[in-house]
Amino acid sequence: MPAIAEEKIKPIISFSVDGEEDLRLALQKHKGPFLFLKKGGELFAYALLNHQLLEKLKKGNFAKEILLRYAKPLDGISHLDDHISITSLFQIIGEPFALVRSEDGRPSGYIQREDMLAELFKRENESAHFLKILLASIPMGIFVLNREKRIIHCNEAGLRMIKLPHEAVLNAPGESIFSHGHIAKAFETGKTYLNHLEFANGVGVLADYSPIQNFAGDVEGMIIVVQDLPMVEEMALEIEYIKDLNKDLNAILSTIYDEILVVNAKGELLRYGENIIEDFWQVDVKTLIGKNILDFEDRGLFTPSVIRLVMEKRKKVSIVQETRTGRKILAVGNPVFNEKGALDRIIIASRDITETTRLKTELKEMKEISARYKKELDQFKSKDRFLKKLIYCSPKMEKIMHQVKKIAEFSSTVLLSGESGVGKEVIAQAVHQFGKRSEKPFLKLNCGAIPETLLESELFGYVKGAFTGAEKNGKEGYFKQADGGILFLDEIGEMPVHLQVKLLRVLQEQEVIPVGSTTPVKIDVQIIAATNQNLAKMVEEGRFREDLYYRLNVIPIRIPPLRERPEDISLLAFHFLQQLNEKYGRKFYLTPDAINVLECYPWPGNVRELQNIIERMVVTADHAAIDGGFVSQFLTFGSERKKMKPVVTRIMPLQEAMESVEEQLILLAMNQYKTTTKAAKALGISQSSVSRKYQKILNKKNRKTEDAVFK
């Protein structure tokens, strides 16, 4: 490339904007078209001293601010060495001058664009070389036609495309290779004709016809730009692929149930799917292309904006938006980043979940109702299972259960008394099941079964570090665990005296103090105490606190022993036998004489003893029928039997009652002693009387059996 002539390089005249130099005097001394500006000793801008700028400076009293306002930065100005490169030429053409660097790399002068171009084109060989390089660097074919429509120049790329040598093309008529019609139209109309398929020398090319016009608008020549079809076909295939891809994308978007939006990094809508949520945008979505979706949030159309959240968090965001009309919209925003990691696109998938939310709410309500019904059903089942335990028909138990149902509506303290095994715990559970606390806990603590040293911590609980061996986080006592429910204190008479004082305080204050703590804890617990001892006598003996006794004895209930309610013996016996049959898959049953034997026994162990005896008979019985003789083997009739008086269960004529008692006694004696002689001795009557009466009883039972068969 050409070297720069030294006479064309002009000196740099500069003016410092941060000094005290007078701008008026500087301009009077300056003769060049450009004034260079310095700041901090470095060139940073220049000003073209044309007539317009000089007039404004004159009117403004040559203020530096005016000069700076019209100054231009030196960033776009090229820096040249001794020679001009090809790329520098393009930059010089776009700027009024170029800076020339000295050996130390600092600007030593400048050369104007006109001087450089004039110097270039004065040198014929160098200018032609420049043009050849320029044309050769263009990848498409270039053919230049003159006014006579002859080809006066072309590049190597064009010759390769039409597969002709240079000498066959140069000075040849343009229509010998390209379309005569298109060339004629371009010369006549001065218009450009693009993308026309041409066949030259058997080769297909795509040609653009562009006329060359002078300043007067006359066509003086033409440039034909050609592309070979392989390149065009490749581009066409790529375009077709993009079209197919776009078609597939639109088809996918149209089949997606959700509303799909694609926005750029600024939030401007680029494209959308076919499924649009009705009444959400309140405008035609087509009109939103190119508009910022964030503006709709500012206008209150919906809130919050998933686009804004994705921009802030730079990750996938899922939110539920609510519109003015109350619709619920699930919006999911996915960011798409470019290769530099900058946010490029945001894909928003939205779905109307208003109906889903309503159904979900209804489903939740139905589940709550179902859970409530299930809870109530479980309570009914629990009560039903419990009621099956309440087996009685005696008037005494009827009276007690009537009392239980009344006191169950309150939270008063109940004291249950009665012999061991009469069912005090069952009555306590009845108070719980029939009362308002049935949904709360029912806890049982046997005061006689727990060592005295542990009873206090079990009842009242303890805090962390209360004593050696305690759990590290402490423990809640029975009172705290039963809060809101019932605490059943069995064998209350066995409670140590020092704990009776604390129990009295709980009953009075309704609060407990855990072991190792001084802070009282409020509780709401109903106390049901039970004992098989005479607490009143224990109070007299000083073994039970009198004040606690009266606190416990608010609602006293005495449960009669089984011998005082013989009406319940047969019912309980059948109940326990049925349970065992169901448990072991058996079919045992009690004969009438067996029931008679059971009803005549005093049952010192009460209901618990009856249950144990029935289970013992089931385990050892060889036959399904359990008769009186078999039952007698498990019952011990000792001195209690002699003291025991016959029990009549209902009002009947005296003679009938005597016959019934006589029958029972003879059957018991025969079942136990097996012979009439021994039975007579036990009953204190003659052997003949026993034989006669026993035979009469058997004949009576046989007649009943025959009557039952022939009915």
Side-chain angles (χ1 to χ4, degrees), residues 396 399-400 403-404 406-432 435 437 442-462 477-483 485-515 517-561 564 606:
K396 290 184 178 180
K399 183 178 179 181
I400 289 175
Q403 187 179 6
V404 165
K406 288 182 65 176
I407 66 175
E409 299 178 3
F410 302 91
S411 297
S412 302
T413 304
V414 180
L415 179 61
L416 303 177
S417 60
E419 296 179 6
S420 178
V422 295
K424 294 186 289 294
E425 183 178 350
V426 175
I427 299 302
Q429 289 177 342
V431 175
H432 177 255
R437 297 174 181 259
F442 176 86
L443 298 183
K444 173 190 174 182
L445 179 66
N446 191 320
C447 300
I450 299 178
E452 182 179 337
T453 54
L454 297 178
L455 185 57
E456 182 178 3
S457 61
E458 289 295 322
L459 275 173
F460 307 114
Y462 55 84
Y478 273 74
F479 277 104
K480 182 61 179 175
Q481 295 177 44
D483 191 27
I486 292 177
L487 177 59
F488 176 52
L489 298 176
D490 198 8
E491 297 186 24
I492 190 67
E494 302 293 333
M495 179 173 285
V497 177
H498 74 280
L499 289 183
Q500 294 178 20
V501 179
K502 293 193 174 185
L503 178 59
L504 177 62
R505 185 180 184 280
V506 173
L507 294 175
Q508 289 175 338
E509 307 296 336
Q510 286 291 298
E511 62 183 24
V512 296
I513 300 178
V515 177
S517 174
T518 58
T519 305
V521 178
K522 282 289 182 183
I523 58 169
D524 175 21
V525 177
Q526 182 180 7
I527 301 297
I528 299 179
T531 181
N532 57 4
Q533 303 183 52
N534 189 338
L535 291 185
K537 186 177 180 181
M538 292 179 65
V539 170
E540 293 177 1
E541 296 173 353
R543 294 187 293 122
F544 199 85
R545 291 183 62 92
E546 183 179 10
D547 47 5
L548 178 59
Y549 171 69
Y550 289 116
R551 276 287 179 184
L552 294 174
N553 201 37
V554 178
I555 307 292
I557 298 178
R558 177 186 176 275
I559 304 172
E564 294 183 12
N606 294 294

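In this structure the side chain of Y478 never reaches within 4.5 angstrom of the side chain of V525, judged on heavy atoms. I557 places a side-chain heavy atom less than 4.5 Å from the side chain of V404. Contact of the D483 side chain with the V521 side chain is not registered, since no non-hydrogen atoms from C-beta on lie closer than 4.5 Å. P496 places a side-chain heavy atom less than 4.5 Å from the side chain of L455. Between I527 and F479, the closest side-chain pair of non-hydrogen atoms falls below 4.5 Å. No side-chain heavy atom of V431 sits less than 4.5 Å from a side-chain heavy atom of Q403. L443 is listed as a side-chain neighbour of Q481, based on a closest heavy-atom distance under 4.5 Å. Looking at heavy atoms from C-beta onward, K444 lies in side-chain contact with D490 at the 4.5 angstrom threshold.
Rounding to the nearest 0.5 Å places CZ of F460 at 9.5 Å from CZ of R505. For the atom pair CG (L489) and CG (L552), the distance works out to 8.0 Å, reported to the nearest 0.5 Å. Atom-to-atom distance recorded for L416:CG and I427:CD1 is 7.5 Å, nearest 0.5 angstrom.
Partners of E546 by salt bridge (charged side-chain N to carboxylate O under 4.0 Å, His left out), not counting sequence neighbours: none found. Judged as a ring-ring contact (aromatic ring centres under 6.0 Å, His included), and not counting sequence neighbours, F488 has no contacts.
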Criterion side chain to side chain contact (heavy atoms under 4.5 Å, CB included) on I528 and T413, from CA distance to verdict: CA-CA 6 Å; I528 299 179; T413 304; over 6 Å; no

Could you check E419 against N606 for side chain to side chain donor-acceptor pair (under 3.5 Å), going step by step and ending with a plain yes or no? CA-CA 8 Å; E419 296 179 6; N606 294 294; 3.1 Å; yes

Take L503 and Q508, measure what side chain to side chain contact (heavy atoms under 4.5 Å, CB included) needs, and give me the verdict at the end. CA-CA 9 Å; L503 178 59; Q508 289 175 338; over 6 Å; no

Might you work through the side chain to side chain contact (heavy atoms under 4.5 Å, CB included) test for R437 and D524, ending with a clear yes or no? CA-CA 11 Å; R437 297 174 181 259; D524 175 21; 2.9 Å; yes

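Here the shortest heavy-atom pairing between P520 and I513 reads CA-CG1, 3.9 Å. Considering all non-hydrogen atoms of both residues, R558 and I400 come closest at O-CD1, 3.4 Å. In this structure, V515 and S457 approach most closely via the heavy-atom pair CG2-CA, 4.1 Å. Scanning all heavy atoms of the two residues, the minimum distance from R551 to L504 falls at CG-CD1, 3.3 Å. Of all the heavy atoms in S412 and I555, the pair that sits closest is CB-CG1, 3.9 Å. Taking all atoms of both residues into account, the shortest heavy-atom contact from C447 to E491 is CB-O, 3.4 Å.
Checking side-chain atoms of S517 against main-chain N and O of P514 turns up no donor-acceptor pair under 3.5 Å. Within the 3.5 Å criterion, the main-chain N or O of L548 finds no donor-acceptor partner in the side chain of Q500.
Taking the six-membered ring for Trp and thresholds of 30 and 60 degrees, F544 and Y549 have ring planes more than 60 degrees apart, a perpendicular arrangement.
Between E509 and K522, no side-chain nitrogen of the basic residue sits less than 4.0 Å from a carboxylate oxygen of the acidic one, so the salt-bridge criterion is not met.
Side-chain polar atoms of E494 and Q533 form a donor-acceptor pair below 3.5 angstrom.
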